[in-house]
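Written below as structure tokens is the structure these notes are about.
Order of appearance sets the numbers: ligands from 1, and atoms from 1 within every ligand.
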Amino acid sequence: MLQIFPDSIAIAEHVSNILIDRIRNKPDVVLGLATGGTMEPIYEQFVLKVRRQGVDVSRLTSFNLDEYVGLAPDHPKSYAAYMHQHLFRHLAFDASRLHLPDGLAPDLSQHSKEYALQLQQAGGIELQLLGVGSNGHIGFNEPGTSFDSTCHVVQLSERTRRDNSRFFEGNAIVPAHAITMGMAEIMQAREIVLVATGEAKAQIIAEWYQKEVTEAIPFTVLKRHPRARILLDEAAAGLLPDHVQRTLLAIPA
Ligand code: F6R
């Protein structure tokens, strides 16, 4: 389930092709979307290809994994703003089908239940895109989160807040809480593509490779998923054993 690509551009090529293929096969597909630095080249490639190939994205539905608590959708550092900037504003999506948790919901635990229900009513996720935190989190499910968890409010770990401070310049402070899809919802996706790029992910990728499935490293759960793939660039694969690196180097299509 691991595949290594030369760099993040090659991964973006590959993942954008997968997305377009799934949309062509099923125009009303339900996609699970992620934010973060890893996804930026992927969305950029996707937008270019959709335009070039005239793909109809107006019938697809999307559910984002997470949102910071306390940030309004128009706050520049919210994940809603990220999605707008990198993807939604560039293509003819139907805005009523694009879902993100609401970081300003007055009752966050009620809102989590409603988000989980909306997702269920949409039939669950067909294809889930994931990045991974340097501590192994997926969505904002931090180490130790139960694999049975559904959409919920989390306290972000210091490590995650430090990692994400690169997106919050100046005096802006990384929020302490977020609302995230749970591990159970992620695992219910029919297909999962996790992407890890850059040296900063090499350590956690090596741990994933060595360890059994454990809640201490949330994304190890993907070993139990029948259709999950992990796509790495050479930098993220850099601490895997040499023979593994050699065998898994993908031949670009
Ligand atoms: C973002 C998300 C997170 C990120 C992860 C990696 O919606 O769910 O799990 O995918 O923190 O972030 P980057 O890509 O910025 O290294």
Between Val69, Thr180, Val153, Ile179, which is the residue that forms a side chain to side chain contact (heavy atoms under 4.5 Å, CB included) with Pro101?
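Considering Val69, Thr180, Val153, Ile179, a side chain to side chain contact (heavy atoms under 4.5 Å, CB included) with Pro101 is found only for Ile179.
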salt_bridge(Glu212, Lys223) N-O dist < 4.0 Å:
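Here Glu212 does not pair with Lys223 in a salt bridge, since their nearest N and O are not under 4.0 Å apart.
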Charged N to carboxylate O under 4.0 angstrom, Glu126 versus Lys26?
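Here Glu126 pairs with Lys26 in a salt bridge, since their nearest N and O are under 4.0 Å apart.
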Non-hydrogen atoms closer than 4.0 Å to ligand 1: which protein residues do they belong to? List them by chain and number, please.
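For ligand 1, the contacting residues are Ala34, Thr35, Gly36, Gly37, Thr38, Leu65, Asp66, Gly131, Val132, Gly133, His137, Gly139, Arg166, Phe167, Lys201.
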Atom pair CG/OG1 of Asp66 and Thr35 - distance to nearest 0.5 Å
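Spacing of CG (Asp66) from OG1 (Thr35) equals 5.0 Å.
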Tell me whether the rings of Phe63 and Tyr115 are parallel (<30°), tilted (30 to 60°) or perpendicular (>60°).
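Judged by the thresholds at 30° and 60°, the geometry between Phe63 and Tyr115 is perpendicular.
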Phe167 and Tyr68: ring pair (Phe, Tyr, Trp, His ring centres under 6.0 Å), yes or no, with the steps?
CA-CA 13 Å; Phe167 298 114; Tyr68 289 115; 9.1 Å; no
